[in-house]
Every structure is written in C-alpha cells, then in structure tokens.
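Contents: one structure, followed by commentary.
A quick note: this is a predicted structure, and the numbers were derived from the prediction, not measured. Just so it is clear, the values below take in all heavy atoms, side chains as well, and ignore hydrogens, waters and symmetry mates.
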Amino acid sequence: MRWNFGLACVAALLGLASEANADVFRDPDTGFTFSQYNAPITTGASYITFRIAVPSPAPSGQAFDVVLQVVAPVAAGWVGLAWGGSMTNNPLLLGWSNGASAVASMRRAASHTAPAMDAGPSVQLLTKGIKSNGTHWQYTAKCTGCTQFTTTGTTSKTLNPAGTNRLAFAYSKTKPAQPASSSSTINVHDLFSYWDHDFASAGNAQFADLVARNLNSSLAYVPPKDMRLRRKATTT
C-alpha cells in the first residue's frame, strides 16, 4: 500500500506519532509493540529505524520467533540486519522496497564477500506493515531461525529475549539488480555499524495472534481496551 505524501505520514513512518514512547513504539497498523533504535547514516538527521518485537514470555536459552520492522529513507537501496552483530557467520535479513511492496531475503556470509542465500532461517513479510511514500519505505517481517543459530563449527548463539543483544546493520544506496527477486545480487554496502538492542521492552503477550492477523489481511487488528481508551483521552 502506498501512502499519500504528507507530514502525518512521514511522522508515522518514523515513529514520531503519538504511539511512540521513548525507545518503545506501538504500531497502530500491525498491533505490535516494538523496541526501536535509530541508526544514523549521515552526519545530519538521516537515519534508519530498526524495530524489534518478540513473544512475551519467550523461552530463555531457546529459539523464539522475532518480528523486525525497518523504516529507511528512499535513498537506501537495501538494508540488512545481522542478528549476531557481525557481517559473517550469522543470519542476515536483507530487505528493500519494490514499488508499493517489499522484498525480504535471508543471507549468510562466511567471509567478507557477497552473502549467499541462507536456507536455514525462514522469513515471512507482514503485509500490513509494508508502506512507502515520497521520503521513506517500510517493511515488517517475521523471522524463524534468527534468534538461535550456528556461528562457526559447532558453536551456536542464542539471543536473550529479556536483555540486550548486539546487532549490526549495513545498507547500500544502490538497489538490488533484480528488485522483485529475493535472490537478486546486491552491491557492496556503503555503511556498516552495530549497537546493543533492548529486547526486554519488545515483549508482546499476543505475539502469535498478532502474527496470524498480520498474515491474514482479512483480519483487522483491534487494539486492547486500555490502548483504545488512551487514544480517546489524547484526542481533542
């Protein structure tokens, strides 16, 4: 779905609307509560927003599904998230805009070369969380296999759903050669950086239900009663 260009749309894409609260963003479209991080990509005010949502409770020391939402300026050709905080030996979730839709692709690299397709983790786009306008594009996806994975040899890593986890990102200004294909070749990134992301504030008690509703476009999201009351109270 393509948004009409306007200040309200830009604010909502960037998480500046009333549902944003410090580093926590409550998405009125998908219903998820995300913890978010704004990754600077220039010396000015341009950044890419990464939002994470996890089940609550999530099993400690075990794999759990995770939802990622990315908001990027239109100048970004593709954006990649490294779940292990490195460009090598961990799942890489790449995404890019393709007109009014989006494409997500699981990759992995054993060295500092172009990452290959990774058949281990699986990714599903959540269409209610896909948007674009004249300045930004957004995609939302659920990943299975991104929170517990083999790094090298028999060594494995499991992300902590109740704490912080080191993540990394890369982006390129150049779009993939075949933007409609998840297996398209990509150009080398223009920027790489990392941060410690707070998963503890990303919990969603209705995680499975929200995923199901976002995968089924015929099911509308109905906010919890207390959230509806808060919205009404702030509307004047």
Side-chain angles (χ1 to χ4, degrees), residues 1 3 8-9 11-38 48-72 81 83 91 93 95 101-102 104 106 121-132 137-149 158-165 167 196-235:
M1 159 178 164
W3 278 12
C9 295
L13 274 171
L14 294 178
L16 300 179
S18 61
E19 289 300 303
N21 178 18
D23 291 327
V24 174
F25 176 72
R26 296 176 179 87
D27 186 0
D29 297 316
T30 64
F32 285 101
T33 295
F34 294 97
S35 61
Q36 70 175 17
Y37 170 74
N38 295 324
I48 297 172
T49 299
F50 294 91
R51 297 173 179 150
I52 301 290
V54 300
S56 179
S60 177
Q62 301 178 39
F64 54 93
D65 287 348
V66 61
V67 168
L68 169 69
Q69 186 173 88
V70 174
V71 183
L81 178 73
W83 293 97
L93 177 48
S101 61
M106 293 305 310
S122 63
V123 60
Q124 290 177 289
L125 285 170
L126 306 182
T127 55
K128 293 180 182 179
I130 298 174
K131 302 175 183 176
S132 64
W137 53 267
Q138 171 186 295
Y139 83 90
T140 309
K142 185 201 77 167
C143 183
T144 300
C146 285
T147 60
Q148 186 177 69
F149 46 87
T158 302
L159 301 189
N160 179 8
T164 59
N165 296 282
L167 304 178
D196 293 320
H197 196 98
D198 177 23
F199 278 49
S201 59
N204 288 259
Q206 296 179 314
F207 184 89
D209 180 60
L210 288 170
V211 168
R213 288 180 176 275
N214 279 276
L215 288 174
N216 187 341
S217 59
S218 66
L219 295 176
Y221 167 65
V222 179
K225 183 178 180 181
D226 61 337
M227 183 180 292
R228 296 200 299 272
L229 290 174
R230 287 199 301 270
R231 289 182 188 173
K232 184 176 181 180
T234 57
T235 301

Problem - Test side chain to side chain contact (heavy atoms under 4.5 Å, CB included) applied to Ser201 - qualifying residues, sequence neighbours left out - result: Val24, Ser35, Asp198

Handout entry: Atom pair CD (Gln36) and CG (Asp27), whose distance is rounded to the nearest 0.5 Å
Key = 10.5 Å

Completion exercise
Residues Phe149 and Gly145: closest non-hydrogen pair is CB-O, 4.4 Å

Practice task
Kindly write out the residues that satisfy side chain to side chain donor-acceptor pair (under 3.5 Å) with Asn160, not counting sequence neighbours, or none if the list is empty.
Solution key: none

Exercise for the section: Could you tell me which non-hydrogen atom of Gly31 sits nearest to which non-hydrogen atom of Leu210, and how far apart they are? Expected result: O-CD1, 3.6 Å

Fill in the blank from the handout: One should read off an interatomic distance between Lys128 NZ and Arg213 CZ, to the nearest 0.5 angstrom, of 7.5 Å

Practice task
Find out whether Val71 and Arg51 are in side-chain contact, i.e. whether some heavy atom of one side chain is under 4.5 Å from a heavy atom of the other.
Solution key: yes

Exercise for the section: Please examine the side chains of Val70 and Ile48, heavy atoms only from C-beta on, and report whether any two atoms are closer than 4.5 Å. Expected result: yes

Problem - Expected output: side-chain Asn204 to main-chain Thr33 donor-acceptor under 3.5 Å - result: yes

Exercise for the section: Locate the shortest heavy-atom distance separating His197 from Phe50; write the atom from each residue and the value. Expected result: CE1-O, 3.7 Å

Practice task
For the pair Gln138 (side chain) and Gly129 (backbone), establish whether a donor and an acceptor sit closer than 3.5 Å, ignoring hydrogens and angles.
Solution key: yes

Practice task
Give a yes or no answer on whether the side chain of Thr147 reaches the backbone of Phe64 with a donor-acceptor pair at less than 3.5 Å.
Solution key: yes

Problem - Leu68 side chain reached by Thr140 side chain, heavy atoms, under 4.5 Å - result: no

Problem - Minimum side-chain heavy-atom gap Met106-Pro91 below 4.5 Å - result: yes

Problem - Min side-chain heavy-atom separation Ile130-Leu125 under 4.5 Å - result: yes

Exercise for the section: Take Tyr37 and Leu167, measure what side-chain contact (heavy atoms from CB on, under 4.5 Å) needs, and give me the verdict at the end. Expected result: CA-CA 11 Å; Tyr37 170 74; Leu167 304 178; over 6 Å; no

Exercise for the section: Please step through side-chain contact (heavy atoms from CB on, under 4.5 Å) for the pair Ile52 and Phe34, ending with a clear verdict. Expected result: CA-CA 5 Å; Ile52 301 290; Phe34 294 97; 5.5 Å; no

Exercise for the section: For Gln148 and Thr158, work out which heavy atoms get closest and say how close. Expected result: NE2-OG1, 2.9 Å

Handout entry: CA sep, side-chain torsions, deciding dist, call: Leu126, Leu215, side-chain contact (heavy atoms from CB on, under 4.5 Å)
Key = CA-CA 6 Å; Leu126 306 182; Leu215 288 174; 3.5 Å; yes

Exercise for the section: Please examine the side chains of Leu159 and Phe199, heavy atoms only from C-beta on, and report whether any two atoms are closer than 4.5 Å. Expected result: yes

Completion exercise
On a heavy-atom basis, the closest approach of Ala63 and Pro59 is O-CG, 3.9 Å

Practice task
Assess the pair Phe207 and Phe32: is the distance between their ring centroids shorter than 6.0 Å?
Solution key: yes

